[in-house]
There are 2 protein chains.
Amino acid sequence: MLSYTEENYLKIIFILSYPTAKEISTNDIAKNLNINAASVSDMLKKLKQKNLIDYAKYQGVSLTQEGRKIAVNIIRKHRLWETFLVNTLNFSWDEVHDIAEQLEHIQSNLLIEKLYQFLGFPKFDPHGEPIPDENGTFPETKDWICLNSCKKQQKIEVKSITDDSSDLLQHLDKISVNIGVKIEVIEKNSYDKSIDVLINDIKQCTLSKEISEKIYGVLLD
Amino acid sequence: MLSYTEENYLKIIFILSYPTAKEISTNDIAKNLNINAASVSDMLKKLKQKNLIDYAKYQGVSLTQEGRKIAVNIIRKHRLWETFLVNTLNFSWDEVHDIAEQLEHIQSNLLIEKLYQFLGFPKFDPHGEPIPDENGTFPETKDWICLNSCKKQQKIEVKSITDDSSDLLQHLDKISVNIGVKIEVIEKNSYDKSIDVLINDIKQCTLSKEISEKIYGVLLD
DNA sequence: TTTATTTTTTAGGCTTATCTAAAAAATATT
DNA sequence: AATATTTTTTAGATAAGCCTAAAAAATAAA
């Protein structure tokens, strides 16, 4: 049985290396978990010893099959709980992250099976993030592109926001960006990489790089 | 913010002293939490310092108002989650204890409010245990008596099982004892304090003291 | 009431997960 | 290629929550 802490390390290693599967640095993990790099070094030794990561000193880290399996299961639980909170308990999408961070560590396979069934076997969570199935397979999203990478006059239907922090989601609420909304690129501003967009053919606004790179969708027209 | 561990100490102190509100011994806590009495002594010092318990060396322990409030909230959460697991996710009543032990520590007032509402403001959990409301008030159960205390020929309708361990509950399933079932005392056996009972006017069996003292209900006739 | 037993506390240790400071390795710059 | 900078690791500490063994206090028995 892994500790809450160990699970969080595996999760963040997975998230930082998805979908590229490249090696992750000690510093990246430290920054993301808000802890000291020295602490990360200690933990990496321990996770390697448990055969959950591949790790050689100074060389970065990646998940073993076993480590990946655990990480994906945590993410599955996180996203199923977020779906429950929004769909069943009527939370808004910006309120659920912190609660799901706790719920994802509840240990019970039967619970997750039953929750999954109760929710109707959802494939995506309320932010559009894909929910891996019981075998760790993610639903198909290969036709999704990043808003950030769209050219002028291209238009997407929003499928996913790849960050469930309440700050970002509240901001998106304010400018009426939601899953399903249509966004057209009106202008690309090279100096700060921001873009001017038209939301649902009505509302014009400017999105900073920090925001546009977190919005994914399918190309329209 | 209290740790998971501190919350468990407060919870067990509450449960051991309910409803009598008498002082609890270090040993009782140790046995119930399956840890060493020395560890309990350490923790009691800490909880006293945080003003959550009244405690003087060698004199036993009781909850302060603040401590009681926290303990009752944990119990509230435990019982609401058990209700959710049984009523919403179709768990059987003997499967939910261990999962609720984890879920009771999830921190979010809003979550509990919303869960409470979703469940229809239940007053009792699937084992008939009273669920305290948001002010920490328990629903009325003063007309409930222990099966153990019934005299020969008295009959009760089962309202509550005061132990949600799966061992006991599976045993009760086996002999068809459930909430709502009627149990009549046929004979009291003084040598081992067991009783012979008739369940739902059909099935006769013998209940040991260990079982009968955990069954509560209202007197019929 | 004195002695024996049980309960509780203290003292000293261990493990986990964190920290800071310093050393070592890798990477970037001149 | 030599030096400077950044990243990573090691070394040594700390706090939480547990342990065992021994001492102290309370309770029960003789």
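All chains are named by letter (A, B, ...) in the order of the sequence lines, taking the proteins before the strands, and each is independently numbered beginning at 1.
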Exercise. Which of residues 8-15 of chain B sit near DNA chain D, with a heavy atom under 4.0 Å from it?
Worked result: B:Tyr9

Would you tabulate the pairs of protein nitrogen or oxygen atoms and nucleotide nitrogen or oxygen atoms of nucleotides 20-25 of chain C closer than 3.5 angstrom?
unit_1	atom_1	unit_2	atom_2	d
C:dT20	OP2	A:Asn36	ND2	3.1

For this session: Can you sort out the partners of B:Asn148 under side chain to side chain donor-acceptor pair (under 3.5 Å), two or more places apart, ordered by chain and number?
Result: B:Ser212

Check residues 8-18 of chain B and write down every donor-acceptor pair under 3.5 Å in which the side-chain atom is one partner and the other belongs to a residue at least two apart or another chain.
unit_1	atom_1	unit_2	atom_2	d
B:Asn8	OD1	B:His105	NE2	3.1
B:Lys11	NZ	B:Glu101	OE1	3.3
B:Lys11	NZ	B:Glu101	OE2	3.0
B:Lys11	NZ	B:Glu104	OE1	3.4
B:Lys11	NZ	B:Glu104	OE2	2.7
B:Ser17	OG	B:Ile13	O	2.8
B:Ser17	OG	B:Phe14	O	3.2

Seminar exercise, completed: Sorted by chain and residue number, the ring pair (Phe, Tyr, Trp, His ring centres under 6.0 Å) partners of A:Phe118 (sequence neighbours excluded) come out as none

Exercise. Which residue pairs pass the side chain to side chain donor-acceptor pair (under 3.5 Å) test with at least one member in residues 109-136 of chain B, sequence neighbours excluded?
Worked result: B:Glu82-B:His127

For this session: Could you tell me which residues satisfy salt bridge (Lys or Arg N to Asp or Glu O under 4.0 Å) with B:Lys57, sequence neighbours excluded, listed by chain and number?
Result: none

Problem set entry | Partners meeting salt bridge (Lys or Arg N to Asp or Glu O under 4.0 Å) with B:Lys45 (sequence neighbours left out) | none

For this session: Sort and list the pairs that fulfil salt bridge (Lys or Arg N to Asp or Glu O under 4.0 Å) and have at least one residue in residues 23-36 of chain A, not counting sequence neighbours.
Result: none

For this session: Could you pull out all residues at least two apart from B:Gln154 that satisfy side chain to side chain donor-acceptor pair (under 3.5 Å)?
Result: none

Problem set entry | Consecutive-pair stems (3 or more, Watson-Crick or G-U, under 3.5 Å) for DNA chain D | C:1-30 with D:1-30

Exercise. Looking at B:Asn27, does any N or O in its side chain come under 4.0 Å of the phosphate oxygens OP1/OP2 on C:dT6?
Worked result: no

Exercise. What residues, two or more places apart in sequence or in another chain, satisfy salt bridge (Lys or Arg N to Asp or Glu O under 4.0 Å) together with A:Lys214?
Worked result: A:Asp163

